[in-house]
Amino acid sequence: MPETAAAWMDTSLPPRERAEKLVAAMTLEQKIAQLHGAMETIDIYALSNAAAANGEDLEQLAAQIRIERHVAGIEELGIPRFRITNGPVGVGMGDGTPSPKATSLPMSIGLAAGFDPALAREYGDVIGSETATLGQHVLEGPGVCLHRTTISGRNFEYFSEDPYLSGVMGVEVTRAIQAHDVIAMAKHFVLNDQEYERFRASVEVDEHVMRELYLLPFEMVVKDAQLAAIMSSYNRIRGVYATENRPTLTDILRTEWGFEGYVQSDFWSCRSAAPSLNAGMDHEMPDAKWLNETNVKNALNDTSLELATVDRALIRRYTQMFRFGQFERPYAPGEIDAAAHGAIARRIGGQIAVLLKNDGELLPLDPNAGSIAVIGQAAYVEQACLGGGGSSKVDPLYTVPPLQGLRDVLADLGGSATVTSVTVADDLANLAEAKRAAADADVVVLMAGLIATEGADQADANMLNDQNRMLTELLGVNQRTVVVLKDSNPVLMPWIDAAPAVLEAWNQGAEDGHVVADLLFGVVNPSGKMPTTAPRTADDTLYARNPERYPGTDEGDGYPVIRYSEGLQMGYRWFQGQGIDPLFGFGHGLSYTTFDVADVSVDAPDGVAAPVTVSASVTNTGSVAGAEVVQVYLGVPAAGQPPKRLVGFAKVLVEPGATEQVTVMIDPAASNHPFAVWDYAARTFAPVTGDHTVYVGTSAADTPHTTAIRGA
């Protein structure tokens, strides 16, 4: 590195000033080389031959030459190789390239079910720590798109159908990741709420709907967590690709929200050179399909692109790299503390499972219950359920399969129960054998689920298909039968009436076996709440009989157009607005104990013009310690608004017979605009006149405590 490089390597200067000095010293060719990733197609045969010739393990060699997500460094300028890893459910390179091993965490949908910002901080801390330990600069996560439908293949990477819950979780995960001097990258901006035809589809949505729902969690993460980067999505927005959409990438993101980070394309979502850079996209990944020398120089020559725009894109990224000290940090990968991080994953996992049903208090199981038969298909019985497929998949440091987990926990408890298993064939050919095992056991644990994947949505509104037949046939054989679901999404449950107890464990990751065993035997009391509504039937969904809502229709341009014509009625807002009773609603979740929420008060002397304080007492009226989530919803007196919107929540652990106080503050100045709606005329969020209703309870459907407060 020449002496002139000292100007931008001066750590006493502000990050942006350092970035400006660096870019000013670069040649045009160097600038263009830094606008894009340098990932190349892997020749697995050549790689294998090289490994054999060097006597090295294939994975080790791949890790050494770093063929995954990166931007090539420029040694003479002191620019390091820029290393990027995928998230958001752990450190996973994905895309078919060999990846370093990391902790496989529970899926994001499960984390949101915890309704606990502290859990989100722990979750993000593990991811940030491991990203830094592995020498990476960027973690592509969190994902904060919404669960508009329960069949989206990537919902497992996202948090919830609710924008406020998604934003709260996203803020805490982002803060924790960036505390390790790692760039967090929220994704996918914006309206990437389905995987069907994601490279082609165009989303049509009213602006107030986009603002109040789909943009809101991104706004919260930008404003409250000082987010360093955003990933633009594949889809079109009103006919224009998201990577070329200036209203979202510049007008909203930067001018309105004050975002100072950079925008990266999703892999191959960049569709142009000049239009993308002009709109506000700053970095193309994973290669130079568009931002190569030929295209960029041609655009500069014909003045469709200005050199200042190229400089702007680089300055934005380098500012964040300097902000986190990434130029000064040597590449020195370390070793992840697998045991310590696994223990955190296990603790998080126990707090996010949702007890959906527990007739006759079948759960928790007695460790001395006799014989326990675990029955299900191989993906759920023989191995840990690591979660969704695609680029976010984590190569785990270790896994705990179901039987091992059950036996470990039984041994810790000194229980005498024995555990055996029957793996049901995918074609159910051995169902008779499974029935005999169920009939002969003292307790039956049926394991089933859904493992979604990036790039495809599920069919049949998340019917478990052959697994549903398996469950229907086996339920009723033994009255002491528990169903454990391991899902990427809420699923339809046509067998629900025959199931005495149902536990939604989600895709748990590496500690699956221990987490489920902890919950089944009552070592941990389940306290998760549904982050997304489970419909009773496919006919109850917002897109049933409405193909224009999903999967979209060709309106003449050749690509599918998906119209969010349901407006603000999405998720629990849809079910309440339509008067439809879901199977398990948003916020629902049982416990091995019982609670009484009382003494609810709403302090709002100035109405919605000042912070409103909601207080309540939570008494544990049962016999075991447990946690309850007090949820606060708001009814806004404006046309088109849903009956309720979540504006606050608090999770509290209460010992048997004890009472704990809970306080939830609702601030009108908060980034989620709790008392406001989008005002088209003023071009901003604005409060509403008239009385608002504050609802307090333990789910969207169970809010017995109501109070009216004065509007604007």
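When reading the values below, keep in mind they use all heavy atoms of this one structure, side chains included, and skip hydrogens, waters and symmetry mates. Just so you know, these numbers come straight off a predicted model, no measurement behind them. Here, residue 1 is the first one in the sequence, and each next residue gets the next number.
At a threshold of 4.5 Å between non-hydrogen side-chain atoms, the residues Tyr123 and Val89 count as touching. Considering only heavy atoms from C-beta on, Phe159 stays 4.5 Å or farther from His147 through its side chain. Side-chain contact between Arg211 and Ile252: present, with at least one pair of heavy atoms (C-beta onward) separated by less than 4.5 Å. Contact annotation: the side chain of Leu503 never approaches that of Val483 to less than 4.5 Å [non-hydrogen atoms, C-beta and beyond].
Put simply, the side chain of Ser671 never gets that close to the backbone of Asp224: no donor and acceptor are under 3.5 Å apart. His692 places a side-chain N or O within donor-acceptor distance of the main-chain N or O of Gly690, the cut-off being under 3.5 Å. Counting only distance, with no hydrogens or angles, the side chain of Tyr572 and the backbone of Leu646 share a donor-acceptor pair below 3.5 Å. The backbone N or O of Pro163 lies less than 3.5 Å from no partner atom in the side chain of Ser166, so there is not a single donor-acceptor pair. Side chain of Gln377 to backbone of Ala379: no donor-acceptor contact under 3.5 angstrom is found. Judged purely by atom type and a 3.5 angstrom limit, Asp679 has no side-chain atom pairing as donor or acceptor with the backbone of Arg683. Looking only at distances, no side-chain donor or acceptor of Thr689 sits under 3.5 Å from a matching main-chain atom of Ala712.
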Checking side-chain contact (heavy atoms from CB on, under 4.5 Å) for the pair Glu140/Phe267: CA distance, chi angles, key distance, verdict?
CA-CA 11 Å; Glu140 293 174 332; Phe267 276 34; 3.8 Å; yes

Apply ring pair (Phe, Tyr, Trp, His ring centres under 6.0 Å) to the pair Tyr695 and Tyr633, showing each step before the final yes or no.
CA-CA 5 Å; Tyr695 299 90; Tyr633 297 83; 7.8 Å; no

Walk me through whether Tyr234 and Tyr241 qualify under ring pair (Phe, Tyr, Trp, His ring centres under 6.0 Å).
CA-CA 7 Å; Tyr234 290 116; Tyr241 275 111; 9.5 Å; no

Between Tyr559 and Arg236, does a side-chain contact (heavy atoms from CB on, under 4.5 Å) hold up when you go through it step by step?
CA-CA 10 Å; Tyr559 51 76; Arg236 293 175 168 99; 3.3 Å; yes

Walk me through it: do Phe586 and Phe115 pass the test ring pair (Phe, Tyr, Trp, His ring centres under 6.0 Å)?
CA-CA 11 Å; Phe586 179 84; Phe115 271 73; 5.8 Å; yes

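When each of Glu172, Arg175, Glu122 is checked for a side-chain contact (heavy atoms from CB on, under 4.5 Å) with Pro117, only Glu172 meets the rule. A side-chain hydrogen bond (donor to acceptor under 3.5 Å, both in side chains) with Lys187 holds for exactly one of Asn86, Asp266, Asn192; it is Asn86.
Among all heavy-atom pairs drawn from Leu227 and Ala186, the shortest one is CD2-CB, 3.6 Å. Heavy atoms only, all atoms of each residue included: Thr150 and Gln458 are closest at O-OE1, 4.2 Å. Nearest heavy-atom pair, Leu471 versus Ala448, reported as atom, atom and distance to 0.1 Å: CD1-CB, 4.1 Å.
Asn672 and Lys223 form no side-chain donor-acceptor contact under 3.5 Å, judged by distance and modelled atom types alone. No donor-acceptor contact under 3.5 angstrom links the side chains of His673 and Tyr164, judged on distance only. For the 3.5 Å distance criterion, the side chains of Thr698 and Asp702 qualify, holding a donor opposite an acceptor. With 3.5 Å as the limit, one finds a donor-acceptor pair spanning the side chains of Glu454 and Ser391. A donor atom on one side chain and an acceptor atom on the other are not found under 3.5 Å apart for Ser160 and Asp162. A side-chain N or O of Ser527 and one of Gln351 form a donor-acceptor pair less than 3.5 Å apart. For the residue pair Lys529 / Ser699, no side-chain donor-acceptor distance below 3.5 Å is found, with atom types taken as modelled.
Judged as a ring pair (Phe, Tyr, Trp, His ring centres under 6.0 Å), and not counting sequence neighbours, Phe259 has no contacts.
Here Arg710 does not pair with Asp691 in a salt bridge; the nearest charged N to carboxylate O distance is not below 4.0 Å.
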